[in-house]
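As structure tokens, the structure follows; a few thoughts come after it.
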Amino acid sequence: MKTKAIDLVCELEAEYGSVVNVPETNPKLKLIRKILEPEREIKSYKPKAYGTPCKVIDLKTGETHQFHSMREASYFYGYAQNWAGNIYHLQFKRKQRYRVIKL
């Protein structure tokens with residue numbers, strides 16, 4: 001199958017000079033895409049489950065959010081990646097607006 005696609009690409013290059021110049025409606029180009037389509041990898045975004053899962057509580061509003069990691073929590077609130085870890089370790093030493101709980 002790949003050899004057939006390569007042969008079709010060579011024919012199109014001979015005819016148009018480059019595959020970039022081939023119109024999208026060309027039947028040979030459509031056939032090449034159909035031949036090679038099963039080999040294309042479909043990548044979907046999946047959040048990585050790295051780090052320590054945690055829950056962040058906003059003590060002023062009472063909102064709670066759960067996260068897969070402390071880094072994800074830090075980015076959600078718009079702080080540096082170690083923010084949630086720092087809040088977790090410092091929460092008993094001084095008053096904070098947020099409370100971080102490990103799950």
Side-chain angles (χ1 to χ4, degrees):
M1 287 299 237
K2 283 185 182 181
T3 55
K4 185 175 180 180
I6 292 171
D7 292 340
L8 289 170
V9 168
C10 290
E11 289 175 20
L12 289 174
E13 286 180 341
E15 189 175 337
Y16 291 97
S18 174
V19 180
V20 177
N21 299 329
V22 179
E24 294 292 321
T25 57
N26 188 302
K28 288 182 183 177
L29 184 62
K30 288 181 180 180
L31 182 61
I32 292 169
R33 288 185 176 153
K34 188 175 181 182
I35 291 170
L36 298 178
E37 189 170 18
E39 296 178 16
R40 271 195 248 159
E41 289 183 29
I42 299 172
K43 295 182 180 180
S44 61
Y45 172 74
K46 292 181 184 175
K48 295 180 181 178
Y50 55 87
T52 307
C54 68
K55 180 189 225 179
V56 179
I57 303 168
D58 185 337
L59 299 175
K60 283 189 178 178
T61 63
E63 287 183 353
T64 61
H65 297 278
Q66 273 189 294
F67 300 97
H68 296 289
S69 69
M70 289 193 180
R71 180 180 293 173
E72 185 182 350
S74 300
Y75 289 144
F76 177 81
Y77 285 100
Y79 295 106
Q81 68 182 5
N82 59 351
W83 171 81
N86 291 343
I87 295 295
Y88 175 76
H89 293 293
L90 296 174
Q91 65 188 352
F92 300 111
K93 294 183 180 175
R94 59 183 173 158
K95 266 195 160 172
Q96 299 285 335
R97 175 178 175 171
Y98 300 98
R99 171 154 297 148
V100 177
I101 302 168
K102 286 185 182 179
L103 299 178

Distance, nearest 0.5 Å, that separates CD1 of I32 from CD1 of I6: 10.0 Å
Where is the tightest heavy-atom contact between A73 and V56, given as atom of each residue plus distance? CB-CG2, 3.9 Å
Just checking, any donor-acceptor pair under 3.5 angstrom between side chains of Y16 and N26? yes
Side-chain (S18) to main-chain (N21) donor-acceptor, under 3.5 angstrom: no
Taking all non-hydrogen atoms of both residues, which atom of C54 and which atom of S69 are closest, and how far apart? SG-O, 3.9 Å
Compile the donor-acceptor pairs under 3.5 Å between side chains in residues 7-14 and protein atoms, sequence neighbours left out, one pair per line.
residue: E11; atom: OE1; partner: K28; partner atom: NZ; Å: 3.0

Closest contact, heavy atoms only, L29 versus P23: CD2-O, 3.6 Å
Quick one: sort the H65 and F67 rings into parallel, tilted or perpendicular, breaks at 30° and 60°. tilted
Less than 4.5 Å apart, side chain to side chain, heavy atoms only: is that true for E24 and R33? yes
Identify the heavy atoms of I35 and A5 that sit nearest to each other, and give their distance. CG2-CB, 4.2 Å
